[in-house]
Amino acid sequence: MNEFAAALLNWFDQSGRKHLPWQVRDAYRIWISEIMLQQTQVATVVPYYERFIQRFPNVNALAAAPLDEVLHLWTGLGYYARARNLHRTAQQLIAHHQGMMPKTLDEVQSLPGIGRSTAAAILALSYELPHAILDGNVKRVLTRYFGIHGPTSNKQIEAQLWQRAQQCTPTTRVANYTQAIMDLGALVCTRSKPLCHACPLATQCIANVQTLQSQLPTPRPKRTRPQREVYVAVISDESDAILLQQRPASGIWGGLWVCPQFDDAESCHTFIHSKVTNAKSLQKMPVIQHSFTHFDLTLRPYWAANAIARTVIADETGYCWYHPHRPAHIGLAKPVLDILKYLQIATSAIEVSDV
DNA sequence: GACTCGTGGTC
DNA sequence: TGACCAAGAGT
């Protein structure tokens, strides 16, 4: 075994994480956790993972469930395409792989929502197959250890990192090694103020020897974030039901239910007047500011409270009335949760009525 | 290859 | 407090 892996594994035996909820010999649970953990911190994932596994303990349960219920359990976690892909992959596993996770990198990687790194993680953690992962933790460890300069978004830099990652991956204790290098990145080789005194690789680490920890990995070039502004029609009827509209499958909040949104206040008001008879109840709600990774969003909600609702236009698909006091499961966007919370409307039980 | 996708944490 | 990032992938 190479020196890098040997030192890392020795450290893992002493200091690694061994009791995370998904650290089991179960490819299904490992797959679910790897998807949830994409671009998402461990502490955020844990409660979502527990609820998800309790409701969908195996691939059969997940494949048989309606997509809306999967999205419901994903509400608030973000990157909702992950939930849609999870559902699609479950059905593909049933249809084409006897309900089992396949054991080759190409087969796993061809499944929806699973790229090279996630496929490698599933195979390494589930089956001890020696495939290298390359997530944010590994990139940070490797750029520092090997003194690799340049943004990791650069194709050549990334290729170099994949090569190093594969070179360091041992052929035995692969699952432990995979967990070890992630743990080192998360617990020791942190972005700021890394704990080099506690690092098993410190003496051979170029960044440590040359005091370049704060400069590696090279930060990605800056980008200015565009501003978006949306006017929101929050319409509730006398039974507190809220009018919701399902967003298209792709794009922001794909497949989720939100209050109808408009680019300008006038078309928002026109819509509200077309849906209610006593629009005098129209009032402004507090503005909701969202700061996403790639843009800033301003939501300006107008609330037509206790209005006498007209029926939803029959040929206008995608509208429903949200009944807070009846059980059902639909995916809600975070701003809708905030709005309903402000209106003191429960969100634990949801029903979608026919339009 | 640049852009998009969400939310919460950190400094 | 705003910039930056987190068990990345799809378009």
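Lettering follows sequence order; numbering is per chain, from 1.
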Does any pair with a residue in residues 161-175 of chain A pass side-chain hydrogen bond (donor to acceptor under 3.5 Å, both in side chains), and if so which ones, sequence neighbours excluded? A:Asp13-A:Arg173, A:Arg164-A:Gln167

Using the P atom as the point on both nucleotides, what is the distance between B:dC3 and C:dA7, in whole Å? 24 Å

Please give the remaining members of the hydrophobic cluster of A:Leu216, linking ILVMFWY side chains under 4.5 Å, ordered by chain and number. A:Leu212

Does the gap between the ring centers of A:His269 and A:Phe271 come in under 6.0 Å? no

Assess A:Arg228 against A:Phe295: is NZ or CZ under 6.0 Å from the centre of the six-membered ring, and within 45 degrees of the ring's axis? yes

Between A:Val42 and A:Leu111, which is nearer to the 5' end of DNA chain C once each is assigned its nearest nucleotide? A:Val42

A:Ser110: what forms a side chain to side chain donor-acceptor pair (under 3.5 Å) with it, not counting sequence neighbours? none

For A:Ser250, give me all partners under side chain to side chain donor-acceptor pair (under 3.5 Å), at least two apart in sequence or on another chain. none

Under a criterion of less than 4.0 angstrom to any heavy atom of chain A, what are the 5'-terminal and 3'-terminal contacting nucleotides of DNA chain C? C:dC4 to C:dG10

Selection: residues 7-34 of chain A, any non-hydrogen atom under 4.0 Å of DNA chain B: none

Would you indicate what A:Arg223 reaches in the nucleic acid, counting non-hydrogen atoms under 4.0 angstrom: base, sugar-phosphate, or nothing? base

Inter- and intrachain pairs under ring-ring contact (aromatic ring centres under 6.0 Å, His included), touching residues 26-47 of chain A, at least two apart: A:Tyr28-A:Trp31

Between C:dT1 and B:dG8, how many Å separate the two C1' atoms, rounded to a whole number? 16 Å

At under 4.0 Å between heavy atoms, which parts of nucleotides 5-11 of chain B does protein reach? Answer with one letter per nucleotide, 5' to 3': B base, S sugar-phosphate only, - none. BBBBS-S

How does the hydrophobic cluster around A:Tyr79 look, that is, which other residues are in it when side-chain heavy atoms under 4.5 Å mark a link? none

Provide the full list of side-chain hydrogen bond (donor to acceptor under 3.5 Å, both in side chains) pairs with a residue in residues 43-63 of chain A, sequence neighbours left out, each pair given once. A:Arg55-A:Glu69

Indicate, with a heavy-atom threshold strictly under 4.0 Å, whether A:Gln109 touches base, sugar-phosphate, or nothing. nothing

Sorted by chain and number, sequence neighbours left out, side chain to side chain donor-acceptor pair (under 3.5 Å) with A:Thr40 holds for A:Arg82

Not counting sequence neighbours, list each pair that qualifies as a side-chain hydrogen bond (donor to acceptor under 3.5 Å, both in side chains) and has a residue in residues 128-149 of chain A. A:Arg25-A:Glu128, A:Asn137-A:Arg140

